[in-house]
Amino acid sequence: MSGAVIEVRGVTKAFGGVVANDNVSLKVTPGEITGLIGPNGSGKTTLFNSIVGQYPIDHGSILFEGREISRLSVQQIARLGMLRTFQQTRIFAKMDCIQNLLISLSHREHAWQNMFGRYSPELIEKAEHLLEFVGLYSKRTLVAGSLSFGQQKLLEFAMALMNEPKVLLLDEPTAGINPTLINGLIDRLKRANQEFGITLFVIEHNMRVIMNLANHIYCMSHGEMLASGSPAEIRDDQRVIDAYLGAH
């Protein structure tokens, strides 16, 4: 597990009598794009929620850059440089796109003095640059609620980038997106990884997407880690075919 930016060691999480994660271990290598796949109900999102501090784990250990974080809050973990996006977007629907990026900074100490619209020209320029990066610059003054679902996901991605995370966890980034936008999103995820140096950990059901995106892929089934390997190894693994591909 050495050299990992995220290390999950023997994590177990149960809800009542239902074990969502059962002795799960994995690592996320810094600078790479790591994928997490598995059928619905396999425990992927529960694991994400535990990593970012939303759920306390029952057993095991979670390390970020070698530091134990399993007892830290979501806010404390975010300050260390780890953020996540969600299956359903979490945006400020009545604010315009630029305002969404600026308000996403409010948890950072240096941004409190900039509340109520008193943001520096540098921050506004940064927000505009990131909206251009995700392809939303022409919509920068539109209220976020008027965007399509796919565009809202791009906006949420830009909001995360605004905070300059070291690691970004994305929960099904292409779900619900118009197929014509998916290739553009894949390209932007790769560019964020390469140009900004952000490590990505991605839950994804679209096998074409994850095979094209990830350097290394883990597969979960029934709360347990089933397999891990390169995209080619995962594609040819009979256990994965039976548990995941075979379910479709």
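In this text the structure is predicted, and so the values were computed from the model without any measurement.
In this structure, a donor-acceptor pair under 3.5 Å is present between the side chains of T45 and D171. For T174 and E204, the side-chain atoms include at least one donor-acceptor pair closer than 3.5 Å. Between the side chains of R140 and N100, not a single donor N or O lies within less than 3.5 Å of an accepting N or O.
A donor-acceptor contact shorter than 3.5 Å is absent between the side chain of N21 and the backbone of V24. For the pair K13 (side chain) and P56 (backbone), a donor-acceptor distance under 3.5 Å is present. With hydrogens and angles disregarded, a donor-acceptor distance shorter than 3.5 Å links the side chain of S230 to the backbone of E233.
Summarising the geometry, atom CE belonging to M225 is positioned 5.0 Å from atom CE belonging to M220; distances are rounded to the nearest 0.5 Å. L26 CG to L36 CG: the interatomic distance, rounded to the nearest 0.5 Å, is 7.0 Å. Remark: S148 OG to L181 CG distance equals 6.0 Å, nearest 0.5 Å. Residue D96 holds its CG atom at 9.0 Å from CG of L131, rounded to the nearest 0.5 Å. Atom OG of S146 is separated from atom NZ of K139 by 7.5 Å, given to the nearest 0.5 angstrom. Here CD1 of I37 is found 11.5 Å from CG of N206. Values are rounded to the nearest 0.5 Å.
Pairs passing the salt bridge (Lys or Arg N to Asp or Glu O under 4.0 Å) check and including a residue from residues 172-192, sequence neighbours excluded, read R191-E195. Pairs of residues two or more places apart, or lying in two chains, that qualify as ring pair (Phe, Tyr, Trp, His ring centres under 6.0 Å) and include a residue from residues 11-64 are F15-Y55, F48-F201. Applying the salt bridge (Lys or Arg N to Asp or Glu O under 4.0 Å) test to pairs two or more places apart or on separate chains, none has a residue in residues 67-78.
A search for side chain to side chain contact (heavy atoms under 4.5 Å, CB included) contacts involving Q238 returns I241, D242, not counting sequence neighbours. Qualifying side-chain hydrogen bond (donor to acceptor under 3.5 Å, both in side chains) partners for Q54, counting only residues two or more places apart in sequence or in other chains: R84. Take T141 and apply the side-chain hydrogen bond (donor to acceptor under 3.5 Å, both in side chains) test, not counting sequence neighbours, and it matches no residue.
Side-chain heavy atoms closer than 4.5 Å link hydrophobic residues (I, L, V, M, F, W, Y) into clusters, and following such links, even through other members, never connects M82 to L63. When hydrophobic clusters are built by joining Ile, Leu, Val, Met, Phe, Trp and Tyr residues whose side-chain heavy atoms come closer than 4.5 Å, directly or via intermediates, L47 is not grouped with V19. Cluster annotation: V52 and L80 are assigned to the same hydrophobic cluster (Ile/Leu/Val/Met/Phe/Trp/Tyr, side-chain heavy-atom contacts under 4.5 Å, transitive). Each of L155 and Y137 belongs to its own hydrophobic cluster when Ile, Leu, Val, Met, Phe, Trp and Tyr are linked at side-chain heavy-atom distances under 4.5 angstrom. Connection of I6 to L72 is established within a shared hydrophobic cluster, with ILVMFWY side chains joined at heavy-atom distances below 4.5 Å, either directly or through further cluster members.
Under the 4.5 Å side-chain criterion, counting only non-hydrogen atoms from C-beta, L105 is in contact with L123. A 4.5 Å side-chain heavy-atom check between V202 and I33 finds at least one atom pair inside the cut-off. Proximity of T34 to I217: side-chain heavy atoms (C-beta onward) are nowhere separated by under 4.5 Å. At a threshold of 4.5 Å between non-hydrogen side-chain atoms, the residues R239 and D237 count as touching. With a 4.5 Å cut-off on side-chain heavy atoms, E224 and N23 do not count as touching. Counting heavy atoms from C-beta on, the side chains of I234 and Y218 never come closer than 4.5 Å. At least one side-chain heavy atom of H205 sits under 4.5 Å from a side-chain heavy atom of K44. Taking 4.5 Å as the limit, some side-chain heavy atom of L185 sits within range of a side-chain heavy atom of L189.
Shown here for K27 and A4, the closest heavy-atom pair between the two residues is CB-CB, 3.6 Å. Residue K166 comes nearest to E65 through the heavy atom pair NZ-OE1, 3.1 Å, listed as atom of the first residue, atom of the second, then distance. A pairwise comparison of heavy atoms in F133 and A192 identifies CZ-N, 3.7 Å as the closest pair. Among all heavy-atom pairs drawn from T199 and G31, the shortest one is OG1-N, 2.7 Å. Across every non-hydrogen atom of V143 and A93, the tightest pair is CB-O, 3.8 Å. Taking all atoms of both residues into account, the shortest heavy-atom contact from S104 to L101 is OG-O, 2.6 Å.
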Pair C97-L147, side chain to side chain contact (heavy atoms under 4.5 Å, CB included): steps then yes or no: CA-CA 9 Å; C97 292; L147 302 178; 3.7 Å; yes
Test log, rule side chain to side chain contact (heavy atoms under 4.5 Å, CB included), inputs M162 and L102: CA-CA 8 Å; M162 189 76 178; L102 295 172; 4.0 Å; yes
Intermediate values then yes/no, salt bridge (charged side-chain N to carboxylate O under 4.0 Å, His left out), E164 and K126: CA-CA 11 Å; E164 301 178 2; K126 179 180 178 181; 2.7 Å; yes
Pair S50-I62, side chain to side chain contact (heavy atoms under 4.5 Å, CB included): steps then yes or no: CA-CA 9 Å; S50 296; I62 301 173; 4.2 Å; yes
Residue pair L169, V167: steps toward the side chain to side chain contact (heavy atoms under 4.5 Å, CB included) verdict: CA-CA 7 Å; L169 284 67; V167 179; 3.8 Å; yes
